[in-house]
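Working notes for the structure below.
We count ligands from 1, going down the list as the structure has it; atoms in each ligand are counted the same way. Everything numeric here is computed off the predicted structure, so don't read it as measured data. Values reported hereafter were calculated over all heavy atoms of this structure, with side chains retained and with hydrogens, waters and symmetry mates removed.
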Amino acid sequence: MALATQSAVAELKCFSAVCGARYAITEVMYNCPRCGALLEAAYTSERPAAEALKRTFRERRLSNAPLDQSGVWRYREMFPFLDDYRHVVTLREGNTPLLDAPLAAAYGALDRLTFKHQGFNPTGSFKDNGMTCGVAQARRLGMKRVACVSTGNTSASMAAYAAAAGLEALIFLPHGNISFGKLSQGIEYGAKTLQVEANFDQILALVRVLTEKLGIYLLNSVNPFRIEGQKSIMFEMLDQRDWRVPDWVVLPGGNLGNVSAFGKALREAREAGLIATLPRLAVVQAEGSAPFYDFVNSGAREFHAVANPETLATAIRIGDPVSWPKALYEIRASEGLVEKVSEQEIADAKAQIGRCGIGCEPASAATLAGIRKLTSRGVMAKGADVVAVLTGNVLKDPDYIYKYHSGQLKTPTGEKIESTYGNASIIVPNDAEKIAELLK
Ligand code: F0G
């Protein structure tokens, strides 16, 4: 079931409209050597007609071929950067559900709300969508070692895909600020895990020096192939909705790779004739780590990093997001916006998502907290068609859950987080009568 994309010409293109330099798709680079801006994958080939593409995507769901079973590679005509699909290692990533959540909708003051739950991925987060592409490119380039700095999910994903591909994985983590669930995944998948006494932004600078020096392939989201893979989250969401475009797509923002990928995907889907309009993108940040919120909403001319980002949603504890220029472009192109939410708002929204029988990790719950704020401010209409992307699985950070529900959760500055929707575990004696009394 292959459509003719072999003639596709893929290049790396400088994201700066002023520079726009182009480089071979096989160059190992993450920023434009001429101007320093981010790079992106660009294609000059003709795509098959939209109706043929939609039919092919749908037919592949019946196929047993690994490439077709992947919820990423199923959409490969939309990111034809490889010349040989034998480089691909798939763990059947993607294939994540759209879940209706009436309880969460009510909490967010919406008539209806759908979650696209990326926590159903093989390593439990959306990073798998991009990692299968990044690792395929690493193999194509003949790389032996791959590395990343991570707040946890990127590293868990990279470790799994590197292991499956026979590559050596080096993971750099902010010591003390990564959930045990995520760290243990990296360890279990056989990666070398280095915990550095610094924050994400500082370690990224360190890793960029080391990868350059040692010839290691960098798999952070500055890697344009990660972004190409994450585009599939939007293609799959649209395919699952029979290409009906929602009014809004809401997602949490950290390093801002995901919003960059979503925006590119949606614009390219429109160019390919798969959809006619764009949804508005709404990025939600945690108050203590909200440089993009500040930048977009203050109208400042320069981007200011947050030097000491803080949030219990450690996945998005990032003060100097590398992809902000791409994210800004996509927010503008989609007439989107950026919101921020407090620790208490994240914690309560997360408990509500749990009560739907769905659950997610703290960063993901910023979406529902953001929706609640946007509807209360009248920015998002009650009747709007909203898809919120839950980025990580509920089991990624069990410590947080236990502390919230037992009233022990504190903000990074030590203030108590109210256990508004608490569900504390009860300790009972081994005594049927006493337990029966309790359960009356
Ligand atoms: N949600 C989760 C669960 C994440 O792990 C991340 C990022 C984000 C949201 C934010 O996405 O960076 O594309 O804006 N985690 C990265 C990591 C930074 O290292 O795992 P973003």
Review point. With a 4.0 Å cut-off on heavy atoms, is Pro252 touching ligand 1?
Key: yes
Point to revise | Aromatic contact, Trp324 with Phe303 (centres under 6.0 Å) | key: yes
Review point. Taking C-beta and beyond as the side chain, do Leu110 and Thr375 meet within less than 4.5 Å on heavy atoms?
Key: yes
Revision key, fill the gap. A student checking ligand 1 against Ile316 at a 4.0 Å heavy-atom cut-off should list atoms 8 (C), 9 (C), 10 (C)
Study note, to complete from the structure: protein heavy-atom neighbour closest to atom 12 (O) of ligand 1 works out as Asn255 N, 2.7 Å
Check your understanding: Can you list the steps and then say if Tyr161 with Tyr189 is a ring-ring contact (aromatic ring centres under 6.0 Å, His included)?
Key -> CA-CA 9 Å; Tyr161 282 84; Tyr189 297 136; 9.1 Å; no
Point to revise | Flag for Gln352-Asp348: side-chain donor and acceptor within less than 3.5 Å | key: no
**Study point:** Phe200 vs Asn220 side-chain heavy atoms within contact, under 4.5 Å
**Key:** yes
Practice item. Output the list of atoms in ligand 1 that are nearer than 4.0 Å to some heavy atom of Thr151, sorted by atom number. Key: 15 (N), 16 (C), 17 (C), 18 (C), 19 (O), 20 (O)
Review point. Nearest to atom 4 (C) of ligand 1, what protein heavy atom do you find, and at what distance?
Key: Ala315 CB, 3.5 Å
Point to revise | Interfacing atoms of ligand 1 (cut-off 4.0 Å, heavy-atom, Glu361) | key: 3 (C)
Exercise for review: Please step through salt bridge (charged side-chain N to carboxylate O under 4.0 Å, His left out) for the pair Asp201 and Arg317, ending with a clear verdict.
Suggested key: CA-CA 9 Å; Asp201 309 301; Arg317 189 174 179 267; over 6 Å; no
Check your understanding: Taking it one step at a time, do Glu418 and Lys410 satisfy salt bridge (charged side-chain N to carboxylate O under 4.0 Å, His left out)?
Key -> CA-CA 9 Å; Glu418 292 306 326; Lys410 290 203 176 95; over 6 Å; no
Study note, to complete from the structure: min-distance protein heavy atom vs atom 20 (O) of ligand 1 -> Thr154 N, 2.8 Å
Exercise for review: Using the side-chain hydrogen bond (donor to acceptor under 3.5 Å, both in side chains) rule, pick out the option among Ser70, Ser157, Ser232 that qualifies with Glu93.
Suggested key: Ser70
Check your understanding: Heavy-atom contacts under 4.0 Å between Ile318 and ligand 1: side chain, backbone, both, or neither?
Key -> side chain
Check your understanding: Backbone or side chain, does any N or O of Lys182 fall under 3.5 Å from an N or O of ligand 1?
Key -> no
Check your understanding: Are Glu361 and Lys350 ion-paired here, with the side-chain N under 4.0 Å from a carboxylate O?
Key -> no
Practice item. Give yes or no for whether the N/O distance cutoff of 3.5 Å, strictly under, is met between Ser364 and ligand 1. Key: no
Practice item. Record the part of Lys396 in heavy-atom contact with ligand 1 below 4.0 Å; permitted values are side chain, backbone, both and neither. Key: neither
Review point. With side chains defined as the heavy atoms from C-beta onward, is the minimum distance between Leu170 and Arg145 less than 4.5 Å?
Key: yes
Check your understanding: Between Asn129 and Met131, is any pair of side-chain heavy atoms under 4.5 Å apart?
Key -> no
Review point. What protein heavy atom sits nearest atom 13 (O) of ligand 1, and how far away is it?
Key: Asn258 N, 2.8 Å
**Study point:** Minimum-distance protein heavy atom relative to atom 5 (O) of ligand 1
**Key:** Asn153 ND2, 2.8 Å
Check your understanding: Below 3.5 angstrom, do we get any N/O pair linking Gly254 and ligand 1?
Key -> yes
Revision key, fill the gap. heavy-atom search around atom 15 (N) of ligand 1 in the protein gives Lys127 NZ, 3.0 Å
Study note, to complete from the structure: The answer for which part of Ser150 has a heavy atom under 4.0 Å from ligand 1 is both
Check your understanding: Is ligand 1 less than 4.0 angstrom away from at least one heavy atom of Gly253?
Key -> yes
Exercise for review: Give the numbers and elements of all ligand 1 atoms closer than 4.0 Å to a heavy atom of Ala363.
Suggested key: 1 (N)
**Study point:** Verdict with reasoning, Phe79 to Trp73, per ring-ring contact (aromatic ring centres under 6.0 Å, His included)
**Key:** CA-CA 9 Å; Phe79 42 92; Trp73 296 101; 5.6 Å; yes
Point to revise | Residue-ligand contact Leu251/ligand 1, heavy atom below 4.0 Å | key: no
Practice item. Check the pair Glu228 / Lys264 against salt bridge (charged side-chain N to carboxylate O under 4.0 Å, His left out), numbers first and verdict last. Key: CA-CA 9 Å; Glu228 288 306 288; Lys264 187 172 193 271; 2.7 Å; yes
Study note, to complete from the structure: atom 11 (O) of ligand 1 has as its nearest protein heavy atom Phe126 CZ, 3.5 Å
Review point. Considering only protein heavy atoms, which is closest to atom 1 (N) of ligand 1, and at what distance to one decimal place?
Key: Thr391 OG1, 2.7 Å
Study note, to complete from the structure: A student checking ligand 1 against Gly257 at a 4.0 Å heavy-atom cut-off should list atoms 13 (O), 14 (O), 21 (P)
